[in-house]
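In what follows, a structure is listed as structure tokens, so that the remarks can point back to it.
Order of the sequence lines fixes the chain letters, A, B, ..., with proteins taken first and strands second; residue numbering starts at 1 for each chain.
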Number of protein chains: 2
Amino acid sequence: MTPAAPARAAVLLDPAADVVELTRQVCDAESVSGGEGALADAVEAFCRDLGAYEVLRDGDAVVARTRAGRPERVVLAGHLDTVPLTDPPNLPVRRELVEGEGEVLAGRGTVDMKGGVAVQLAVARAAAAAGGAPTRDLTFVFYDHEEVASDLSGLGRLARGHREWLDGDFAILLEPTAGAVEGGCNGTLRADVTTRGRAAHTARAWRGSNAIHAAGQVLARLAAYEPAHVEVEGLVFREGLNAVAIRGGIAGNVVPDRCTVTVNYRFAPARSGAQAEAHLREVLDGFEVDVTDVAEGARPGLGLPAAAAFCEVVGTPPAPKYGWTDVARFSALGVPAVNYGPGDALLAHADDERCPVAQILECERVLTTWLLGAAPSEEVR
Amino acid sequence: MTPAAPARAAVLLDPAADVVELTRQVCDAESVSGGEGALADAVEAFCRDLGAYEVLRDGDAVVARTRAGRPERVVLAGHLDTVPLTDPPNLPVRRELVEGEGEVLAGRGTVDMKGGVAVQLAVARAAAAAGGAPTRDLTFVFYDHEEVASDLSGLGRLARGHREWLDGDFAILLEPTAGAVEGGCNGTLRADVTTRGRAAHTARAWRGSNAIHAAGQVLARLAAYEPAHVEVEGLVFREGLNAVAIRGGIAGNVVPDRCTVTVNYRFAPARSGAQAEAHLREVLDGFEVDVTDVAEGARPGLGLPAAAAFCEVVGTPPAPKYGWTDVARFSALGVPAVNYGPGDALLAHADDERCPVAQILECERVLTTWLLGAAPSEEVR
């Protein structure tokens with residue numbers, strides 16, 4: 001006997017609902033990281049019912065793709081999970097009019113990133129109605145566990161176990177960018193910088209050597225550092241080097257023999273992780289540096305014909321993405337990727353998370369126009 | 001009915017034992033802070049039986065004094081408690097021959113400061129044999145709770161509740177000084193120095209302001225500071241200003257908005273606590289300084305005739321006491337005080353605490369000679 005799967009309420013996604021109503025339905029299917037199962041089932045059923053895709057499943061990740069043998073393949077990807085709800089819960093979604101913002105959907109996930117997931121579903125539906133892959137092959141990736149520790153990532157699991165499901169020439173990650181294209185992303189590196197001294201009673205401090213005083217030189221180095229602005233494929237990435245923690249001290253009457261500064265270096269995708277580490281070691285030359293974590297950045301890939309065409313449809317100039325996102329995972333697989341989705345990233349995870357309805361509609365319009373050469377049919381709108 | 005006092009084993013101090021044997025007996029009466037009762041009883045009985053003193057008791061503090069109306073009164077003071085024993089216990093005391101040190105008593109309390117307590121008892125006995133107060137009135141103070149939080153101090157309790165018991169023109173605290181006179185003591189002050197910034201995601205660090213980087217200027221100020229050497233009544237006190245703790249940081253991806261450096265300023269007794277605070281604020285001008293704790297130092301008082309005569313008998317030049325000791329409590333009461341006792345202060349609290357027998361005998365000889373004009377009788381030696 002295998003243990004019974006935990007019971008979960010069935011989620012229904014209306015195959016005829018417009019993208020705004022789809023956003024509402026996807027959001028109301030609560031799916032805090034680890035609880036994506038019911039929503040993944042509904043997404044899988046929605047895609048299967050479109051009849052135009054090969055639908056694959058791994059855990060709570062769903063992949064729907066065409067296999068029409070087109071010369072180019074585009075990937076649209078988004079995560080199904082959200083951060084936890086507020087207390088009282090910021091669900092179900094409310095449709096409201098907000099001064100200065102117009103009509104919004106308010107509630108957990110509207111920004112990060114179920115508006116994007118609903119756009120994926122609506123574009124998949126429109127492409128299916130147009131025969132599946134009119135100009136390019138398409139892959140829609142929906143995955144779990146993005147909002148938690150990196151090693152749990154559903155996208156990472158697919159990259160390890162089903163590398164071929166993620167094949168593509170260009171990927172769009174529908175993370176919130178308020179409808180702009182944000183290309184690539186900075187890498188991030190963390191390191192501990194330790195200074196050492198010699199403990200002594202503070203009443204006889206001259207017998208010791210103060211490791212916290214010595215850390216002052218590390219901080220001076222960081223404060224004086226001028227972070228680079230690095231142009232990569234036409235986008236200017238701003239780097240940053242910051243102390244994010246410092247700790248030292250044994251007791252109120254002891255000269256401390258050790259102090260550790262934790263630094264976070266955000267580096268442009270022009271540098272590899274190894275190059276970023278080498279640069280940091282150069283900046284902190286003479287100090288004991290222990291690198292604890294590195295995640296590579298991602299180049300924007302905007303020089304590709306597909307990307308250029310996409311940016312043209314969007315119409316506003318692309319910007320660099322400063323934060324680290326899953327575009328870096330695609331980049332690491334050799335698939336150039338950009339972020340493009342509805343919602344203001346500064347409202348992601350916020351208690352008052354909310355997304356303008358107009359941005360959801362605009363994202364759907366841009367992607368459908370780009371991929372199908374036409375706006376979505378009025379029938380579905 | 002009053003509750004029965006907790007049972008405690010009676011401690012017997014042999015009234016005829018020499019000072020080394022007395023040290024052994026005092027040490028073997030285990031008296032970790034809070035457990036001084038049995039030893040205080042024995043000290044009280046020992047002093048009463050000498051027949052020359054008014055004996056006073058407050059909690060586990062015992063005061064024995066003459067009231068002969070001499071023009072000058074000398075106080076000999078010491079604490080009865082010790083820090084906890086090691087495991088396995090470093091008691092009972094062992095009498096051993098140590099290479100390079102000669103004969104020692106080894107075990108908890110031998111240095112801090114039951115060698116000194118035994119010397120107090122031996123001097124009280126010698127003075128009683130000479131009539132109690134041949135040249136000066138004498139006060140012997142034995143107190144509890146020195147090795148724990150300052151507000152528990154038995155000496156502090158006497159100062160608050162029985163100020164007059166501590167009257168004197170000059171006090172000797174029998175803390176370990178390896179038989180040298182250590183005059184006065186430095187004061188000590190602790191303060192928190194806080195820098196503030198503005199939190200931001202490290203991916204957009206330019207929107208924030210890094211409080212840890214700002215603390216680098218505090219550390220630079222401390223590292224550049226040259227502590228003063230301050231002469232007070234012929235003794236040179238070395239000051240010290242040290243960061244003893246630093247803490248800052250919110251998360252690995254957040255520009256920190258606050259960093260706190262805890263500093264410890266050890267200041268010469270030429271400065272009052274208020275002057276020390278003013279000096280610290282001047283050194284750290286421009287930073288947010290919160291003084292959390294100040295204990296005044298103590299002037300050595302070596303200019304007094306009694307003190308000068310005492311130093312002459314000791315024979316070696318007096319030195320300043322850098323650490324804070326209870327001489328500061330006497331100083332605050334207007335009683336100049338010095339440290340003088342057997343044992344190396346660096347072995348206080350050590351697992352292998354041990355005191356040369358020769359130092360115990362020498363301290364007894366010096367104090368008896370100074371107070372009575374004669375070495376202790378051979379009969380008792």
Out of B/Ile246, B/Ile250, B/Asn253, which one racks up the most heavy-atom pairs below 4.5 Å with chain A?
B/Ile246
I'd like to know which of B/Gly216, B/Ala205, B/Gly248 tops the heavy-atom pair count under 4.5 Å against chain A.
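Option with the top pair count is B/Gly248.
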Closest heavy-atom pair and its distance - B/Ala203, A/Gly323
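Here B/Ala203 and A/Gly323 meet closest at CB-CA, 3.6 Å.
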Please name the pair of heavy atoms, one in A/Arg207 and one in B/Leu346, separated by the smallest distance, quoted to 0.1 Å.
NH1-CD1, 3.6 Å
Proximity breakdown for [X] and chain B, heavy-atom pairs closer than 4.5 Å:
X	result
A/Thr262	neither
A/Asp293	neither
A/Arg238	both
A/Ala251	backbone

Taking atom [atom1] of [X] and atom [atom2] of [Y], what is their separation to the nearest 0.5 Å?
X	Y	atom1	atom2	answer
A/Tyr322	B/Thr202	OH	OG1	14.0 Å
A/His201	B/Trp324	NE2	CH2	12.0 Å
A/Arg204	B/Arg266	CZ	CZ	9.0 Å
A/Asn210	B/Leu222	CG	CG	8.0 Å
A/Cys259	B/Leu219	SG	CG	7.5 Å
B/Ile212	A/Arg247	CD1	CZ	9.0 Å

Greatest number of heavy atom pairs closer than 4.5 Å to chain B - which of [options]:
options	result
A/Val263, A/Asn264, A/Asn242	A/Asn242
A/Ala224, A/Pro227, A/Gly249	A/Gly249
A/Ala220, A/Ala223, A/Cys185	A/Ala223

Measure from the side-chain N and O atoms of A/His213 to the backbone N and O of B/Ala243, and report whether any donor-acceptor pair falls under 3.5 Å.
yes
